[in-house]
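These notes are about the structure you will find just below.
Quantities reported herein were computed from a predicted structural model and do not represent experimental measurements. Every chain is numbered from 1, with letters handed out A, B, ... down the list of sequences.
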2 protein chains.
Amino acid sequence: MEAPQANIPSRLDRIETPTSNQGVGERQRERILRAATLVFSRKGYDGARVEAIAQKAGIPKGNVLYYFKSKKALYRIVIKQVLSLWLEALGNVSEEGNPEEAIRQYVNRKLALSRNHPEASRLFAMEVISGAPIISDHLSGELRRWVEEKGRIFKKWQEAGLMAKIDPAHAFFMIWAVTQTYADFEAQIQAVTGVTNYDQEIYSDASGEVVDALVRALGLKRDQRCSVQSA
Amino acid sequence: MEAPQANIPSRLDRIETPTSNQGVGERQRERILRAATLVFSRKGYDGARVEAIAQKAGIPKGNVLYYFKSKKALYRIVIKQVLSLWLEALGNVSEEGNPEEAIRQYVNRKLALSRNHPEASRLFAMEVISGAPIISDHLSGELRRWVEEKGRIFKKWQEAGLMAKIDPAHAFFMIWAVTQTYADFEAQIQAVTGVTNYDQEIYSDASGEVVDALVRALGLKRDQRCSVQSA
DNA sequence: ATCAAAGTTGACCATTCGGTCAATTCAGGT
DNA sequence: ACCTGAATTGACCGAATGGTCAACTTTGAT
């Protein structure tokens, strides 16, 4: 009797496995993953208790270990899921068209991610703060290439005088820092502002101002009056 | 036989305690605090092992518990020490004088803090990400008042047309986010940039660009050409 | 109805870790 | 030299926790 290998739910064998109460397992797996993301994001890997995850998923602990062969395996899957969400949200910074519009769109997308998946953002942050023991390969691989690629677009904009001369990588670090702060530092922002309904009050206030501020920071302007033209 | 209450090393009784090998205890306490800050900042509270702290301090575990009555007590002291460092660095945003200069100075001070005490920054971040269970009082007390106070200065600048009209609190969130990202997300930035000597290469590159960018973001300009004057 | 595989459950085990303690050493005052 | 309190150390303990397991239930196919 082997616990099913805890691999990413393969969309393939969902249907064709002939003999099995199919679907039940999938649903449970996702239940567990959701619960695990939540618990891990608040307590970190070591602070999270399998029991707590089980409880949040509404099932006994033994059942969690039936679907995922170990706590570490579960964590790996959760963190990779979070990572792919994060990488996905990088999306495309479209080269063509107005730079300001492109960045506005990108920042808005990142803000939406923070708003809709704050636990994912927090978990990602914790991983990185801990030295990214699990995802460092992805960071120095996929992410690095992405930044290099998009950086070339920034360079072009800069040469055309449409953007301030900032090292593109640092421009991204800045955007990420600001947008993620609204998820990761929720507790601090909540404490300082005293809002009662974080999600609604903060994001409606912030999104406009933050996008504008970042556009200014990067020296992007539709009209040329203020664009940084230091050649 | 009681372990000495693990209070903040009081600078007072360092000299005058007549009978005791004075000084030895203080030095050990500080040793332990340094080690604890380091370990906690990487592993979080639960991930940190007392044994690991002891090892990093070069003493047996029992000795750590001799100076601090429990792991939790040690953590509390470390985190409060970190918090006061953080609050201290808030310093004064001087009302008088050139707004741009004031902010430049402030951002530079925060950057220096990230550079010189990255572990402190990371530990603070972890606390907040976890919901700030220990320091939330301070955040909604001292920090909130500080932001309110300094916010009034920003308001004045804004009314005088010297600063973009951003909610002052969010202006601070932005500054903090950007400056801390260089400590907290070191692993990510290191991976993306591929630098070998983080401390030197990154900060020398970043500090100038980051300060400029933030000045732009807040719409602060010495010369009026580009200042946001939307009355 | 019967069967087999998948899923569920709580009891149980081994390990790890925070914390205690008694024994010992160390340092300074007399 | 001797005494006293502080400091050091390693052995030890109990609680908590990740993980296993065997008994049991459910589900769908024939």
Side-chain angles (χ1 to χ4, degrees), chain A residues 1-7 9-10 13-33 35-36 39-40 43-78, chain B residues 1-7 9-10 13-33 35-36 39-40 43-78:
Chain A
M1 213 58 31
E2 258 290 295
Q5 219 20 263
N7 43 16
S10 70
D13 48 30
R14 192 181 300 173
I15 305 295
E16 63 269 38
T17 28
T19 294
S20 79
N21 33 354
Q22 43 83 260
V24 179
E26 289 302 288
R27 225 174 311 134
Q28 290 290 62
R29 255 196 204 88
E30 274 158 37
R31 240 181 131 63
I32 295 170
L33 285 174
V39 175
F40 280 132
K43 310 292 192 90
Y45 175 77
D46 291 284
R49 302 292 159 221
V50 176
E51 175 67 43
I53 295 171
Q55 206 166 332
K56 184 140 294 203
I59 58 178
K61 184 181 73 168
N63 208 0
V64 171
L65 277 309
Y66 169 74
Y67 282 102
F68 299 90
K69 80 167 193 287
S70 72
K71 181 185 176 184
K72 187 167 272 178
L74 175 56
Y75 181 73
R76 280 225 187 80
I77 293 170
V78 166
Chain B
M1 213 56 32
E2 258 289 293
Q5 219 22 262
N7 44 16
S10 70
D13 48 31
R14 192 180 298 173
I15 304 294
E16 63 270 36
T17 28
T19 295
S20 78
N21 32 353
Q22 42 83 257
V24 178
E26 289 301 288
R27 224 174 311 132
Q28 290 289 62
R29 255 197 203 89
E30 272 159 41
R31 240 182 130 64
I32 295 169
L33 284 174
V39 176
F40 280 132
K43 309 294 191 90
Y45 175 77
D46 291 283
R49 301 292 160 221
V50 175
E51 175 67 44
I53 294 170
Q55 206 166 332
K56 184 140 296 203
I59 58 178
K61 184 181 73 170
N63 208 0
V64 171
L65 277 308
Y66 170 74
Y67 282 102
F68 299 89
K69 79 168 198 286
S70 72
K71 180 185 178 185
K72 186 166 272 177
L74 176 55
Y75 181 73
R76 281 225 186 81
I77 292 170
V78 167

Out of dT20(D), dG18(C), dT9(C), which nucleotide sits closest to the side chain of N63(A)?
->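 Output: dT9(C).
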Interatomic distance where [atom1] belongs to [X] and [atom2] belongs to [N] [whole Å]:
| X | N | atom1 | atom2 | answer |
| --- | --- | --- | --- | --- |
| L65(B) | dC13(D) | CG | C1' | 14 Å |
| R29(B) | dA6(D) | CZ | P | 12 Å |
| K69(A) | dC21(D) | NZ | C1' | 18 Å |
| I32(B) | dG19(C) | CD1 | C1' | 15 Å |
| F68(A) | dG7(C) | CZ | P | 12 Å |
| R31(A) | dT8(C) | CZ | P | 10 Å |

Under 3.5 Å donor-acceptor pairs involving side-chain atoms of residues 55-64 of chain B, not counting sequence neighbours:
none

In chain order, what residues pass the salt bridge (Lys or Arg N to Asp or Glu O under 4.0 Å) check against R49(A), with sequence neighbours excluded?
-> D46(B)
The side chain to side chain donor-acceptor pair (under 3.5 Å) partners of Y45(A) (sequence neighbours excluded) come to none
Give me the residues of residues 47-61 of chain B where at least one heavy atom lies under 4.0 Å from an atom of DNA chain C, by number, or none.
-> A48(B), R49(B), V50(B), K61(B)
Within less than 4.0 Å of OP1 or OP2 of [N], is there a side-chain N or O belonging to [X]?
| X | N | answer |
| --- | --- | --- |
| Y67(B) | dT8(D) | yes |
| Y66(B) | dT8(D) | no |
| Q28(B) | dA6(D) | no |

Please report the C-alpha distance between V50(B) and L74(B) in whole Å, then the side-chain angles of each, then the deciding distance to 0.1 Å, and finally whether the side-chain contact (heavy atoms from CB on, under 4.5 Å) criterion is met.
-> CA-CA 10 Å; V50(B) 175; L74(B) 176 55; over 6 Å; no
Test side-chain contact (heavy atoms from CB on, under 4.5 Å) applied to R31(A) - qualifying residues, sequence neighbours left out = Q28(A)
Does the distance from a Lys or Arg side-chain N to an Asp or Glu carboxylate O, for E30(B) and R27(B), drop under 4.0 Å?
->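 Looking at R27(B) together with E30(B), the answer is no, because their closest N to O distance does not fall below 4.0 Å.
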